[in-house]
Each structure stands twice: as C-alpha cells, then as structure tokens.
Amino acid sequence: MQLDLNLLTALDALLEEGSVAGAAARLHVTAPAMSRSLGRIRKATGDEILVRTGRHMTPTTRAVAMRTEVHALVRQAHHLLSAQAELDLATLDRVFTVRWHDALTTACGTALIAAVHRQAPGVRLRLTAEPGDDTPELRRGEVDLASSAGPPSLPDLRHHLVGHDRLAVAVRPGHPLTELPATAERYAAAEHLTVSRRGRLRDRIDDALAALGHERHVIASAPTTATALQLARDTDLVVTLPEAATRAARHHLGLVTLPLPLELPDVPLHLLWHQRHHDDPAHRWLRDTATETLRTLFAPSPASDQ
C-alpha cells in the first residue's frame, strides 16, 4: 500500500479541530482541499473519521483511539525534519575515530584529547594508526577524521588545509654531517633511513637528488616516525622528516636538526572527512578543535632546533 504521509498532518488537524473548516484554516489550505484530504483518509483507513452530528462533526470511535498516536507521529516528523538543535557539548555523547599520521598523533594527540575532554566530557576518541593501504574507511564510516599530505581524489570526501611543514634532517649528536655544512653531495653520501608504512625505500627526495646528479644511499625503512627517530639516535642513519610535526620528538631524543640541502616544496597538511558529516554540528566542532590543535605546530618556535 502506498500512502501519502501528508495525510497524517491533515488527519492530525482534523482530529484536533473537529471540523473540515477549522482544519483547513489551521493548515492554511482551502476547505474543499481539506475535504478532499478527508475523503482520501477515509479511503485509506476504511473509517469515516468524522461524522456529522447536527451542526457539528464528531470523531468516530477509531478516530478517538488514534488521536494521541497520530499527534505524536506528526510531532516526531516535524522534529526529525526541522533544523538541528544547538549543540550542547556538556551533554554530547559520541565516539569519534581520528586517523592521523603517527607523527601528528605523537605531537598533538595529548592536546587534542585534553581539549575534547575539557569541552565535551562525554565524548570519547579513538586515535588509530594509518592503514597499510588506501582503504576507504572514511567512506565506510569507520573513520571520522583523517590527515593527509594532499587533498582527496574521491568526490565525496571533504577537506581543508591546516598548514604547511618544511622538511628537516635529523641525526644523532656527533654525526659526521654535523661537522661541516651539509651539502647535497655530503647529504646523499650518508646512510639514510626512510619512513614508510609500506616499506618503501625511495621517495621524492631521491628524485630531487637525481635531478642534481646525486644518488642517496638508503639502507633501511621504518614503519613509523617514532621508530625512525629512535634508529637515528642509536645509529649513523640520517632521517628526513617534517620539521614541525617531529619537533617535540626530536628534542625529547636529543637529536640534532640540520636544514635539508635541497630545494623542495613544503609538505601540506590536510584534514579529511566524508561529506555525510559536513553539516553535523558535533563533527564540525571536532574539526575545528582538531584544526586549532594542529595549527599550534606551525607557530614560530621560541628556540632553535639545533
């Protein structure tokens, strides 16, 4: 059976007003239009709904029995289709999954959790690692907010640019590269470590060196930034990473930071989410909070990294 759900609104008005004319005035339609709606309601329900008693109309037994339920259904429909209520962070009860690059989670995870809990104590966060391949977790709803070095290729994903980071070189104290200015030639001749969750031993740095006639000697890859920095501290391996995102971790490990002796574009940082969340006030608040937290990375450092 196909029903016109607009008839619920008409039925609610008829039962509340007890007359065709009163229901028509309430819904701002003509009396003939309301009369036609009553006819369709009678046909759909198999009941007269309103019967004439002298100069007035009286609801049938079935109409009296359904009045409360019909009114509740109409109110629920209006609530469902009306504009969302103002976000109340104090009572918000949600679980958000945030998938960031591990360097960002290390640098800003604590601040993000603190900011979220301070504003919305009922919100819980899942901070997950980046996957080993490009699975559509945002599209499937498994991830609410992700980080990326570039804008998404899929049309149903939204994004905004948070900032740009520059690449820097990290080595242990006393590393041979710290003794003299690190030229492109000396940099390429060192033993290098890449950071790749897929185990890649080549990246855009190798392309830039090749354009200058140099070849980098990469002897290992690490799956995470934290592992790479630890290896750089304990060996003569050189690791090249985004400067701001790894600043705190490098300082904690006592690494020396050197400028990259190559001209390369800065690394962009984007936040990504699925368009289904774009107009959700709670998700918008999460995006704003995450953006504010991440942008603290790009504030000028009060002291030199070296």
Side-chain angles (χ1 to χ4, degrees), residues 96-120 123 125-131 138 143-152 157-172 193-197 203-205 222-233 238-273 283-306:
F96 290 108
T97 300
V98 177
R99 191 191 73 198
W100 283 356
H101 187 282
D102 72 285
L104 298 177
T105 302
T106 300
C108 295
T110 300
L112 178 64
I113 291 172
V116 166
H117 184 69
R118 182 176 62 254
Q119 299 176 57
V123 169
L125 292 179
R126 294 192 191 101
L127 301 180
T128 67
E130 289 184 293
L138 288 167
V143 170
D144 296 293
L145 193 63
S147 69
S148 173
L157 297 185
R158 299 292 190 97
H159 71 100
H160 69 231
L161 179 66
V162 176
H164 289 84
D165 205 349
R166 61 184 175 89
L167 292 175
V169 179
V171 296
R172 66 165 179 82
L193 172 73
T194 61
V195 181
S196 171
R197 62 181 185 270
D203 56 33
R204 64 177 181 146
I205 294 173
T224 66
T225 301
T227 302
L229 291 173
Q230 187 75 39
L231 289 169
R233 187 192 70 171
V238 176
V239 61
T240 305
L241 294 164
E243 188 279 327
T246 62
R247 183 183 300 144
R250 295 194 319 273
H251 285 174
H252 178 72
L253 292 172
L255 292 170
V256 177
T257 302
L258 304 172
L260 179 66
L262 296 170
E263 293 293 332
L264 281 177
D266 289 345
V267 181
L269 170 59
H270 295 261
L271 286 181
L272 279 57
W273 63 95
H283 196 280
R284 187 183 304 116
W285 162 77
L286 176 67
R287 299 195 303 263
D288 292 343
T289 304
T291 299
E292 183 178 351
T293 301
L294 289 171
R295 281 182 175 160
T296 62
L297 288 176
F298 306 110
S301 178
S304 171
D305 288 338
Q306 301 184 37

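This is a predicted model, so every value here is computed, not measured.
At a cut-off of 3.5 Å, with distance as the only test, a side-chain donor of Thr257 or Arg250 sits close to an acceptor on the other residue.
For the side chain to side chain contact (heavy atoms under 4.5 Å, CB included) test, no residue two or more places apart in sequence or in another chain qualifies with His252. Scanning for ring-ring contact (aromatic ring centres under 6.0 Å, His included) contacts around His117 gives an empty result, with sequence neighbours left out.
Dense packing is recorded around CD of Gln119, with more than 12 heavy atoms of other residues, nucleotides or ligands lying under 6.0 Å away. The number of heavy atoms from other shown groups lying within 6.0 Å of CZ (Arg295) is above 12.
Of the inter-residue distances, the one linking Leu127 atom CG with Thr97 atom OG1 reads 9.0 Å to the nearest 0.5 angstrom. With rounding to the nearest 0.5 Å, the separation of NE2 in His283 from CG in Asp144 is 5.0 Å. Atom OG1 of Thr291 and atom NE2 of His160 lie 3.0 Å apart (nearest 0.5 Å). Annotation: the span from Thr293 atom OG1 to Leu112 atom CG amounts to 5.0 Å, rounded to 0.5 Å. Atom CG of residue Leu167 and atom CG of residue Leu262 lie 9.0 Å apart, to the nearest 0.5 angstrom.
Looking at Val162 and Leu297, their side chains never come closer than 4.5 Å, going by heavy atoms from C-beta outward. At a threshold of 4.5 Å between non-hydrogen side-chain atoms, the residues Arg166 and Val267 do not count as touching. Side chains of Leu231 and Val239 form no contact here, defined as non-hydrogen atoms less than 4.5 Å apart.
Here the closest non-hydrogen pair linking Asp165 and Pro242 is OD2-CB, 3.2 Å. Ser148 approaches Leu272 most closely through the heavy-atom pair CB-CD1, 3.6 Å.
At least one donor-acceptor pair closer than 3.5 Å links the side chain of Ser147 to the backbone N or O of His101. The closest donor-acceptor contact from the side chain of Thr227 to the backbone of Pro223 lies at 3.5 Å or more, if one exists at all.
Every pair tested for side chain to side chain donor-acceptor pair (under 3.5 Å) that includes a residue from residues 104-115 fails, sequence neighbours excluded, so the list is empty.
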